[in-house]
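Right, one structure below, let's go through it.
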Amino acid sequence: ILTWTGVETFELPTKQEDILSIVIPALMDSCYAGAFIVGITLTNPVFMAICQLLVIPVSFIYDVIFNGLTITFLGVLGTLFILIGFLVMELPIKKYWKQIMNKNDDKNVSEDY
């Protein structure tokens, strides 16, 4: 539209750096979207949504190792909260709780006899 109105002319990039700065992120985004869809297909959407939060601790650890970020208490605390939240959401706690409750019910029944 800007080219047709004469406001600005559109030109395709000609330098290799410019082309790579467009192509590489586009390919990376395509790989991410494909992997995300496969992950949803193989697991479930809730698991994949929670897994997206794990990007935050991974980027924190990357910044500490490669970019010299200083480790702060709040950074570590936030990372721990995300990891604990992921475990709480994804561990089959209800299944194990039911097994424990069923074992307790069996013990109570056997004690009555």
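Each residue takes its place number in the sequence, starting with 1.
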Acceptor/donor pairs from residues 70-83 side chains to any protein atom, 3.5 angstrom cut, sequence neighbours excluded:
unit_1 : atom_1 : unit_2 : atom_2 : d
T72    : OG1    : G75    : N      : 3.1
T79    : OG1    : G75    : O      : 2.9

Residues in side-chain contact (heavy atoms from CB on, under 4.5 Å) contact with V23, at least two apart in sequence or another chain: I19, L27
Hydrophobic cluster (4.5 angstrom, side-chain heavy atoms) - remaining members for I22: none
Which side-chain N or O atoms in residues 49-62 pair as donor and acceptor under 3.5 Å with protein atoms at least two apart or in another chain?
unit_1 : atom_1 : unit_2 : atom_2 : d
Q52    : NE2    : Y32    : OH     : 2.6
S59    : OG     : V55    : O      : 3.1
S59    : OG     : I56    : O      : 2.9

Residues which pass side-chain contact (heavy atoms from CB on, under 4.5 Å) with I24, listed by chain and number, not counting sequence neighbours: L20, M28
Under the side-chain hydrogen bond (donor to acceptor under 3.5 Å, both in side chains) test, residues paired with D63 that sit two or more places apart: N67
Shortest non-hydrogen contact between G39 and T43, atoms and distance: O-OG1, 2.6 Å
All side-chain contact (heavy atoms from CB on, under 4.5 Å) counterparts of V7, not counting sequence neighbours: L2, T5
Donor-acceptor contact below 3.5 Å, side chain N102 vs main chain K98: yes
side-chain contact (heavy atoms from CB on, under 4.5 Å) involving P45 - partner list, sequence neighbours excluded: I40
